[in-house]
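Following this message is one structure expressed as structure tokens.
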Amino acid sequence: MDKDIWNKELGHFAGGSYSFASVKGNIGADTFSRVEIGRRSIFLGIYDGHGQCNSDASKFVDQNLFDKIIEDIKRENFFTEYTLSLCLNRLESDYMNRVRAQMHQSPDITASGASCLVAVVIGDTLYLGSLGDCVAIMGVEERGSFRGNLLTPVENVNVMTERNKYLEDHGLNAICEVDGVYKIKDNLEVTNSIGDACYKFPECAAVA
């Protein structure tokens with residue numbers, strides 16, 4: 001199987017039918033996708049890595065997020081988008097603990113980050129969670145034509161509302177313009193992510 005391109009033809013579960021295809025935009029980049037099919041549910045995760053050690057954060061998310069969600073469902077016996085948000089927050093905390101434990105031996109890990117998109121379908125209900133600029137778009141048919149509806153926010157400093165919010169929180173010198181593209185500290189564009197410790201915590205920036 002080509003690890004950069006994979007798909008599944010039409011299948012069925014209790015909530016209806018499904019199919020999927022995954023194609024990496026940059027062949028060989030450290031982006032991971034995961035699909036899990038249950039009797040009544042579907043899990044979809046897309047984790048887009050970036051930074052000097054760009055596979056570390058996205059690989060960590062790929063290896064841990066699904067299990068955290070399953071643990072929460074079994075413990076609470078229900079699921080909401082708030083539950084999904086809590087899972088992402090706990091994953092971020094776990095990854096930061098990993099970074100702090102390894103950053104003096106591997107300084108590049110402080111610049112590793114991942115944008116994430118997670119979709120969970122249980123029955124006929126869709127739950128979404130996202131960080132960074134991985135987004136969900138729903139295709140809608142109207143009068144014989146199709147259009148796309150954006151379902152999740154784009155957390156990137158090149159979106160004016162996100163840029164203004166980031167400047168309010170971090171000061172006017174936090175963002176610069178490089179060749180027509182806005183970036184945080186000359187490098188990062190996403191305003192929310194798993195990882196990117198050197199942009200979030202002074203003690204991590206000192207070793208980056």
Quiz item: Can you tell me if CG on L172 sees more than 12 non-hydrogen neighbours from other groups inside 6.0 Å?
Solution: no

Exercise. Kindly give the heavy-atom pair with the smallest separation between P153 and V135, and that separation in Å.
Key: O-CG1, 3.7 Å

Practice problem: Name all pairs fulfilling the ring-ring contact (aromatic ring centres under 6.0 Å, His included) condition that reach into residues 88-121, sequence neighbours left out, sorted by first residue then second. | Solution: F60-Y95

Can you give each donor-acceptor pair under 3.5 Å made by side-chain atoms of residues 33-42, sequence neighbours left out, with the distance rounded to 0.1 Å?
residue, atom, partner, partner atom, Å
S33, OG, W6, NE1, 3.1
S33, OG, S22, OG, 3.0
R34, NE, E36, OE2, 2.8
R34, NH1, D62, O, 3.1
R34, NH2, E36, OE2, 3.1

N/O donor-acceptor pairs under 3.5 Å from side chains in residues 120-133, not counting sequence neighbours:
residue, atom, partner, partner atom, Å
Y127, OH, F79, O, 3.4
D133, OD1, S115, OG, 3.3
D133, OD2, N156, ND2, 3.0

Self-check item: Co-members of Y166 in a cluster of I, L, V, M, F, W and Y side chains, linked at under 4.5 Å
Solution: V157, L167, I175, Y182, I184, L188, V190, Y199

Practice problem: Scan side-chain atoms only and decide if H50 and D196 contain a donor-acceptor pair under the 3.5 Å cut-off. | Solution: yes

Quiz prompt | Remaining members of hydrophobic cluster (4.5 Å side-chain criterion), F201 | solution =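 Grouped by the 4.5 Å side-chain rule, M96 form the rest of the cluster around F201.
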
Practice problem: List for me each residue that meets ring pair (Phe, Tyr, Trp, His ring centres under 6.0 Å) alongside F43, sequence neighbours excluded, and say none if there are none. | Solution: F66

Quiz prompt | side chain to side chain donor-acceptor pair (under 3.5 Å) pairs, two or more places apart, involving residues 170-180 | solution =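 Checked against side chain to side chain donor-acceptor pair (under 3.5 Å) - neighbours excluded - no pair reaches residues 170-180.
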
Quiz item: Among side-chain atoms of D48 and T31, is any donor-acceptor pair under 3.5 angstrom?
Solution: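 Present: a donor and an acceptor within the cut-off.
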
Quiz prompt | With R163 via salt bridge (Lys or Arg N to Asp or Glu O under 4.0 Å) - residues at least two apart | solution = none

Self-check item: Cluster companions of V178 among Ile, Leu, Val, Met, Phe, Trp, Tyr (side-chain spacing under 4.5 Å)
Solution: none

Quiz prompt | Worked verdict on N64 versus D94 for side chain to side chain contact (heavy atoms under 4.5 Å, CB included) | solution = CA-CA 10 Å; N64 291 279; D94 290 348; over 6 Å; no

Quiz item: Could you go step by step and tell me if C116 and I46 meet the side chain to side chain contact (heavy atoms under 4.5 Å, CB included) rule?
Solution: CA-CA 6 Å; C116 308; I46 299 172; over 6 Å; no

Quiz item: S112 and A57: which non-hydrogen atoms are nearest, and at how many Å?
Solution: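 Minimum heavy-atom contact is OG-N, 3.1 Å.
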
Quiz item: Rounded to the nearest 0.5 Å, how far does OG1 of T110 lie from CE of M103?
Solution: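 The CE atom of M103 sits 8.0 Å away from the OG1 atom of T110.
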
Exercise. Could you walk me through whether T191 and E155 pass the side chain to side chain donor-acceptor pair (under 3.5 Å) test, one step at a time?
Key: CA-CA 5 Å; T191 58; E155 297 177 314; 5.4 Å; no

Practice problem: State, with a plain yes or no, whether a side-chain heavy atom of V61 is found less than 4.5 Å away from one of L91. | Solution: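 The answer is yes; the side chains approach within 4.5 Å.
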
Quiz item: Got a donor-acceptor contact below 3.5 angstrom from the T152 side chain to the A136 backbone?
Solution: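 Checked: pair present.
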
Quiz item: SG of C87 to CG of D67: how many Å apart, nearest 0.5 Å?
Solution: 11.0 Å

Quiz prompt | Sidechain-backbone polar pair: S58 side chain, D30 backbone, donor-acceptor under 3.5 Å | solution = yes

Quiz item: Does any pair with a residue in residues 76-92 pass side chain to side chain donor-acceptor pair (under 3.5 Å), and if so which ones, sequence neighbours excluded?
Solution: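 Matches after skipping sequence neighbours: D72-R90, T80-T83, E92-K200.
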
Practice problem: Could you note down all residue pairs passing salt bridge (charged side-chain N to carboxylate O under 4.0 Å, His left out) where residues 137-149 supplies at least one of them, sequence neighbours left out? | Solution: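 Checked against salt bridge (charged side-chain N to carboxylate O under 4.0 Å, His left out) - neighbours excluded - the pairs reaching residues 137-149 are E142-R147.
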
Quiz item: How many angstroms lie between atom SG of C198 and atom NZ of K185, to the nearest 0.5 angstrom?
Solution: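 Answer rounded to 0.5 Å: 6.5 Å.
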
Self-check item: Closest non-hydrogen atom pair, R98 against I109
Solution: NE-CD1, 4.2 Å

Quiz item: In chain order, what residues pass the side chain to side chain contact (heavy atoms under 4.5 Å, CB included) check against S17, with sequence neighbours excluded?
Solution: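 Once residues adjacent in sequence are excluded, the partners of S17 under the side chain to side chain contact (heavy atoms under 4.5 Å, CB included) criterion are L10, H12.
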
Exercise. Walk me through it: do V154 and E162 pass the test side chain to side chain contact (heavy atoms under 4.5 Å, CB included)?
Key: CA-CA 8 Å; V154 182; E162 284 293 313; over 6 Å; no

Practice problem: May I ask you to check whether N164 and T161 show a side-chain donor-acceptor distance below 3.5 Å? | Solution: no

